[in-house]
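When a ligand or atom number is given, it counts from 1 through the structure's own listing order.
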Amino acid sequence: RPDRNCRFSMAWRVFGIKYIHGGISRGRAVTCKDSSLLILNVFQQSERTLSYLARHFHGFQGGDEDFILSSHRYLIRHFHGNLVHLARLREEESLGLKTAKRLKVVNGGKFSKRKKESQPPVEAPYVPPKLRRFQMSLPDKTIEIFEGITILELAKRCGESTAAIQNMIVNVGEKADSEFDPINIDIAELIAMEVGVKVRRMHSNEGARVLPRPPVVTVMGHVDHGKTSLLDALRQTSLAAKEAGGITQHLGAFVVGMQSGASITFLDTPGHAAFSAMRARGAAVTDVVVLVVAADDGVMPQTLEAVSHAKAADVPIVVAINKCDKADANPERVKNQLGSEGLNLEDMGGDVQVVEVSAVKKTGLDRLEEALLLQAELMDLKARIDGPAQAYVVEARLDKGRGPLATAIVKSGTVACGQHVVVGAQWGRIRCIRDMSRKVIAEATPAMPVEVEGLKGLPMAGDDIVVVESEERARMLSEGRKKKFEKDRLMKLEEDRIRVEEEEKKKADEEDGNEDEKVKRVEVPLIVKGDVQGTVQAVTDALKCLNSSQVLVKIVHAGVGPVLQSDVDMAQACNACVVGFNVRDLPAAISLAAAQAKVQIKSHRVIYHLLEDIGNLIIERAPGTLETKVAGEAQVLNVFEIKGRSRAKGGGEGDVKIAGCRVTDGRVTKSATLRLLRSGEVLFEGCCASLRREQQDVDAVGKGSECGLVIKDCRDFRVGDVIQCLVKVTRKPKFVSSESGAVRIEC
Ligand code: GDP
């Protein structure tokens with residue numbers, strides 16, 4: 001602003017020598033002297049640069065010089081705001097490539113040269129620079145934010161100056177007059193994302209109704225121990241199933257109501273993958289883990305894995321010993337095994353409840369439910385009923401008519417129709433809420449699994465649902481989150497790329513000089529389609545387990561919904577195979593298009609079958625390793641010598657020794673390499689020059705037959721020697737599945 005120009009130029013003189021003029025946001029214009037012009041020149045002073053400058057250069061509304069200084073810092077930070085560039089700058093400094101130090105400001109802003117050292121420099125021993133790994137990740141810091149957090153508090157938690165935070169707040173169109181001003185929780189999240197830290201949104205229970213809530217339960221355990229059967233059996237006892245005449249569709253969660261009026265919410269996706277994926281996204285939805293152990297099988301690797309997951313998440317366990325109807329069931333053995341694995345079972349004086357059940361015979365289910373309620377009572381589970389809602393997505397799918405649908409569990413507060421919500425990076429206005437029996441309801445309270453309709457995009461399992469005050473706020477927060485996710489994704493990709501490059505370089509170094517064993521790694525591009533987000537994630541994770549030193553599984557695209565023409569087109573473009581899991585049967589048109597485009601579509605409903613099928617595809621495409629194999633063995637019975645022509649001329653070079661042999665094992669072939677052994681010691685190895693049987697040249701001689709053979713350049717046969725026939729074979733990798741259900745490709 002003109003009246004401030006004088007003070008600005010005083011301040012900017014300290015920093016720079018050149019002159020810039022830029023359009024500043026909200027109609028302000030400023031003229032200042034700033035060293036940033038150098039950067040501007042690099043950016044070629046384009047329209048874009050100026051608009052960028054305008055967007056971020058808003059600190060001028062302050063006034064005192066300190067403020068201007070921090071504005072300057074902020075401007076520079078944004079010009080260098082490219083993280084890769086910043087990391088590189090730091091790297092260069094640490095490598096000693098950038099040695100220029102900042103000159104001290106003396107004499108009212110004039111630069112003075114450093115005095116010359118009186119001592120001659122001492123030559124320091126050369127220390128090679130230590131190469132650090134390219135560090136790009138921002139610190140994985142999570143801060144807690146709440147409604148009405150002050151700018152000062154937010155700045156402290158983010159580790160930024162209040163001025164910088166104020167700048168950012170102004171940038172998103174909010175007022176930031178004083179550092180003690182409270183700000184809205186959504187704005188606080190936006191600012192934290194801009195700084196690069198993660199947030200945990202906290203809501204106060206003050207003045208709100210806090211009531212007991214039902215427990216949310218996840219079922220975990222070893223493969224085939226009956227997790228799915230137990231969930232099915234429990235689902236059939238659920239209220240919703242009774243009301244809806246038995247729900248067959250997988251919805252992500254269901255509620256079991258008891259006669260006493262109490263209820264339990266079960267998450268419908270068994271297994272550890274879903275549990276850890278949710279935890280990784282900060283969705284601590286599960287209150288209790290039901291550990292299923294088969295009474296006839298006992299504790300297995302995945303049982304222990306489940307225990308570790310539950311312990312790491314600090315979630316109490318209730319043990320369900322399943323298959324107790326079986327003749328060889330031995331629940332006592334299971335209890336002893338679990339006890340020796342450090343689980344304090346109730347029977348042994350501990351606090352972990354154990355219930356004997358049978359999912360098939362449906363016995364013990366009521367006792368299991370009682371045990372879960374008792375556990376919930378001990379935990380004194382309570383939630384705020386009113387106030388801003390917080391919920392988590394447990395499953396998401398795309399419905400043809402209704403658009404993106406998310407099954408969510410409310411953690412606290414109430415989710416109601418008509419609210420504007422941000423779900424992960426998506427947003428929307430809740431059009432309709434349905435309970436698990438498909439009844440439309442007006443609102444959802446804590447621990448209630450509901451299906452929410454009205455989102456603009458498909459969220460992921462584990463995403464949080466936050467209610468915001470307006471559509472504008474929802475759009476803004478969703479946009480901010482999308483940018484942050486994209487930034488994090490790109491950074492992760494770059495880190496992965498660098499890691500893979502480093503690993504490959506290391507491997508190449510190791511393999512150097514061992515050319516024969518060097519195998520080129522081929523890529524198998526895949527397009528994954530699944531019925532719901534959770535399964536798509538699980539399938540992609542499982543497919544990545546099939547990576548090996550010869551084949552790299554590359555997921556080109558993963559999405560929810562049926563296999564479409566666009567998937568076939570993409571597969572054709574990148575020579576990929578389409579993998580469908582639990583998707584609708586392929587329409588004839590798609591099958592035909594795939595056949596014409598020579599695109600393979602592999603559709604399965606059992607994960608093991610899918611992995612086996614893709615495993616075989618990988619094996620087919622793997623280059624394999626060349627190996628030498630003994631294809632046959634012959635014993636020398638006699639040795640003949642044929643004088644060569646050159647000998648007649650006085651040379652002796654053309655003499656040929658023929659080994660008269662009998663093939664004792666396998667086959668001896670003419671195209672193979674032959675190895676001469678005497679008393680087990682290798683004397684010679686060379687190619688077969690001639691192979692004859694009964695005066696006829698032959699290509700191969702089988703076991704039991706006699707033949708005459710000549711090894712090129714070998715004249716040292718003796719009766720009793722052994723000749724091995726060596727052939728090169730390509731050994732393909734193998735698909736291996738372990739008892740625990742884990743699969744891998746063995747090269
Ligand atoms: P998951 O892999 O842990 O989900 O196990 P499943 O629920 O798919 O069950 C694996 C097998 O065990 C199926 O063949 C079930 O029929 C069987 N099974 C599960 N529960 C019981 C049970 O209580 N008794 C008996 N006899 N078999 C069961």
Checklist line | Residue pair His222 / Asp297, side-chain donor-acceptor N/O under 3.5 Å | finding: no

Next item on the list: Classify the side-chain pair Gln565/Asp569 by whether it contains a donor and acceptor separated by less than 3.5 Å.
Entry: yes

Notebook entry, point to check: Can an N or O of Gly226 be found at a distance shorter than 3.5 Å from an N or O of ligand 1?
Noted result: yes

Next item on the list: State whether the shortest distance between N or O atoms of Lys326 and N or O atoms of ligand 1 falls below 3.5 angstrom.
Entry: no

Margin query: For atom 11 (C) of ligand 1, which of the options Lys323, Lys361, His222, His225 provides the nearest non-hydrogen atom?
Written below: Lys323

Margin query: Given Val357, Asp296, Val219, Thr228, identify the one with the heavy atom nearest to atom 4 (O) of ligand 1.
Written below: Thr228

Check: With a 4.5 Å heavy-atom cut-off, do Gln426 and Val421 have their side chains touching?
Finding: no

Notebook entry, point to check: Which residues pass the side-chain contact (heavy atoms from CB on, under 4.5 Å) test with Val500, sequence neighbours left out?
Noted result: Glu504

Item checked: side-chain contact (heavy atoms from CB on, under 4.5 Å) partners for Cys545, two or more places apart -> none

Next item on the list: Under 4.0 Å from a heavy atom of Asp224: give me the atoms of ligand 1 that qualify, with their elements.
Entry: 1 (P), 2 (O), 3 (O), 5 (O), 10 (C), 12 (O)

Item checked: Residue part near ligand 1, for Asp325, under 4.0 Å between non-hydrogen atoms -> side chain

